[in-house]
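To keep things clear, I will list the structure first and then write my remarks on it.
Every chain is numbered from 1 and lettered A, B, ... according to where its sequence line falls, protein lines coming before strand lines.
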Number of protein chains: 2
Amino acid sequence: MPSADRRLQPRRKPRQVRAELTRERILASAAHIFAEHGYAAGTTNHIAEHARVSIGSLYQYFPNKDAILAALLVRHIDRGTWMQADELDMSPGSLETAVRAMVRDAIDNHSDDPRLLRIMVEEAKFSQELLDTIDRHGKIRVGQVRDLLSRHPDVTVADVGVAAELIQFTIEMNTHKLMAAPRTIAVETFETELVTMVTRYLRGP
Amino acid sequence: MPSADRRLQPRRKPRQVRAELTRERILASAAHIFAEHGYAAGTTNHIAEHARVSIGSLYQYFPNKDAILAALLVRHIDRGTWMQADELDMSPGSLETAVRAMVRDAIDNHSDDPRLLRIMVEEAKFSQELLDTIDRHGKIRVGQVRDLLSRHPDVTVADVGVAAELIQFTIEMNTHKLMAAPRTIAVETFETELVTMVTRYLRGP
DNA sequence: CACTATTGTGAGCAATAATTCAACTCTCTG
DNA sequence: CAGAGAGTTGAATTATTGCTCACAATAGTG
């Protein structure tokens, strides 16, 4: 593990499609492995192997291991997380419908992303600027939920901001657990109960 | 980092007080160092040094590095289950009181060392034995909650088992997040909202 | 086709970490 | 207090990992 002044630029930029594909495979594998086994367990050799690319190629496009994580982060931010925005903006139905949409969204969308993002935030040593960006994004998501709540007439909760944070996280983690652990209960049952819990909370007594 | 067939048992169990003390010092140091610098940075040599114990001694009582983290985790889980049992047994008041007791319990349990707990959850390599232990404890806790729910007259939920699982996990994870992440909201606010959510869910409309 | 630029390969180096073991010291017991 | 077993030590060994580099393979081009 050499720790000296590390190169900041890759030694090569993809010019042919083939190369772009290689780079892409590496990133995809890294995302998968980091999310699945954590940052430390995701060794560069491991990533290269999973991407079916030689370790040398990996180091053509990424100057070091941290740069891979950084690239994933940049990509995530570039893409934006506007899927949820779409869902929420056009859900003017009942409160239960809106909540159900959120839960469905979480189930569908429960990709590597949430866990990967957490790893990025907690493991990587990044510039303050990047960290702020991550933080801002999290706040945006919660903000979207908060807007929905304050727009809806049925919501009788004391502090909409706190409620938004609470239900956002609750839905995300419960979904994650459902998908990760060996299935104890049916997805439909789970969905119904989760929706019920959140809805009853928001609607109040 | 050898990964071959690793010894599962320590080569020695403490028989004299002196040895028990050594083991204890190692665990304490490990907890401290893991919490402070992360799992990867907490090398066995580092731990031994901090505990003022030779590296050889460390390997007398722990077959490998993972076993240290596992021991810390098991200890934490043991304590948690035991505490919850106490709390729930003697909480015959209102439903809200009982739920509040659960939440308080979770908060207490996490206040020790949130960062260490995070590391345990995210970095520990779970042997089958450890997984079984965790699973067993999880079932015990859910069982305790289920009993409480079915005993309580105010609970109007369809399936008590599912509800127990849902609220147990929800409380645990939300608390975990609260303590691990930089504080966004006050603990009291959080407690109130979480209690409200769970209570409203259980009580129904 | 030949020639060049780009891309891909993987054995192996250097640094660091995990783990072992033979020799030692300390405690206990008869 | 002697012998046996328990506990301790830390230099030496083994394993892992981030990363390099000399070379091979493939694509682009006139």
Side-chain angles (χ1 to χ4, degrees), chain A residues 1-30 33-34 37-71 123-125, chain B residues 1-27 29-30 33-34 37-71 123-125 127:
Chain A
M1 282 183 207
S3 70
D5 53 354
R6 329 181 86 176
R7 208 193 313 275
L8 287 181
Q9 293 298 316
R11 62 202 73 188
R12 207 171 268 180
K13 276 201 169 179
R15 280 159 215 283
Q16 304 177 5
V17 209
R18 172 170 65 133
E20 189 54 58
L21 228 98
T22 300
R23 214 190 98 104
E24 217 45 51
R25 281 222 304 283
I26 294 169
L27 276 179
S29 295
I33 290 179
F34 287 159
H37 310 296
Y39 187 59
T43 70
T44 47
N45 285 286
H46 220 104
I47 293 169
E49 191 185 5
H50 185 276
R52 280 188 272 180
V53 154
S54 110
I55 180 64
S57 290
L58 188 152
Y59 279 95
Q60 296 296 339
Y61 302 109
F62 302 97
N64 55 58
K65 190 180 164 180
D66 286 344
I68 301 178
L69 199 57
E123 301 274 356
K125 288 134 202 131
Chain B
M1 284 182 205
S3 75
D5 52 358
R6 328 180 87 172
R7 211 192 309 277
L8 288 180
Q9 294 299 315
R11 60 202 76 186
R12 199 172 274 181
K13 277 200 166 176
R15 278 156 217 285
Q16 304 178 5
V17 207
R18 169 170 66 133
E20 187 54 58
L21 232 101
T22 300
R23 214 191 96 104
E24 217 46 50
R25 281 224 303 284
I26 294 169
L27 276 180
S29 295
I33 290 180
F34 287 158
H37 310 295
Y39 188 60
T43 70
T44 48
N45 285 285
H46 221 105
I47 294 169
E49 191 185 7
H50 185 275
R52 282 187 270 180
V53 153
S54 111
I55 180 64
S57 290
L58 188 151
Y59 279 95
Q60 294 296 337
Y61 302 109
F62 301 96
N64 54 60
K65 186 182 166 180
D66 288 343
I68 303 177
L69 193 60
E123 304 256 18
K125 313 229 175 23
S127 68

[N] phosphate, OP1 or OP2: any side-chain N/O from [X] under 4.0 angstrom?
| X | N | value |
| --- | --- | --- |
| B:Ser57 | D:dG7 | no |
| A:Thr44 | D:dT17 | no |
| A:Thr22 | C:dG8 | yes |

Nearest-0.5 Å distance that lies between atom [atom1] in [X] and atom [atom2] in [Y]:
| X | Y | atom1 | atom2 | answer |
| --- | --- | --- | --- | --- |
| A:His37 | A:Thr43 | NE2 | OG1 | 10.5 Å |
| B:Ser29 | B:Glu24 | OG | CD | 10.5 Å |
| A:Ile68 | A:Leu58 | CD1 | CG | 4.5 Å |

Starting at atom [atom1] of [X], determine the distance to atom [atom2] of [N], rounded to an integer number of angstrom.
| X | N | atom1 | atom2 | value |
| --- | --- | --- | --- | --- |
| A:Ile55 | C:dC13 | CD1 | P | 17 Å |
| B:Ile68 | C:dT19 | CD1 | P | 9 Å |
| B:Arg15 | D:dG5 | CZ | C1' | 10 Å |
| B:Tyr59 | C:dA22 | OH | P | 18 Å |
| B:Leu21 | D:dA6 | CG | P | 19 Å |
| B:Glu49 | C:dA18 | CD | P | 13 Å |
| B:Phe34 | C:dA17 | CZ | P | 13 Å |
| A:Tyr61 | C:dG8 | OH | P | 4 Å |

> Under 3.5 Å, is there an N or O donor on one side and an acceptor on the other linking the side chain of B:Arg12 and the base of D:dG7?
Replying inline: yes
task = Please evaluate the base of D:dG10 for a donor-acceptor partner in the side chain of B:Ser54 within a cut-off of under 3.5 Å?
result =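 Such a pair exists between side chain and base.
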Check your understanding: Do A:Leu27 and A:Arg23 have side-chain heavy atoms sitting under 4.5 Å apart?
Key ->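 Touching, per the 4.5 Å side-chain cut-off.
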Side chain to side chain, A:Phe34 and A:Ile47, heavy atoms closer than 4.5 Å:
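Sidechains of A:Ile47 and A:Phe34: in contact.
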Going 5' to 3' through nucleotides 25-30 of chain C and flagging B where a protein heavy-atom sits under 4.0 Å of the base, S where only the sugar-phosphate is that close, and - otherwise, we get -BS---
Side-chain atoms of B:Ala19 come closest, of D:dG18, D:dT8, C:dG10, to D:dT8
Note to self: Please pick, from D:dT9, C:dA18, C:dT9, the nucleotide with the shortest atom-to-atom distance to any side-chain atom of A:Gln60.
What the structure shows: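 Among D:dT9, C:dA18, C:dT9, the one nearest the side chain of A:Gln60 is C:dT9.
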**Asked** When the nearest nucleotide of DNA chain D is assigned to B:Arg52 and to A:Gly42 on a heavy-atom basis, which residue is associated with the more 5' position?
**Response**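 Its nearest nucleotide lies further toward 5', so the answer is B:Arg52.
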Query raised in the report: For A:Thr43, which contact category applies under a 4.0 Å heavy-atom criterion: base, sugar-phosphate, or nothing?
Result: sugar-phosphate
request  = Go through the steps to decide whether A:Tyr39 and A:Asp66 satisfy the test side-chain contact (heavy atoms from CB on, under 4.5 Å), and finish with yes or no.
outcome  = CA-CA 10 Å; A:Tyr39 187 59; A:Asp66 286 344; 2.5 Å; yes
Original post:
Which heavy atom of B:Phe62 sits nearest a heavy atom of B:Ala71, and at what distance?
Top reply: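 That closest heavy-atom pairing would be CE2-CB, 4.0 Å.
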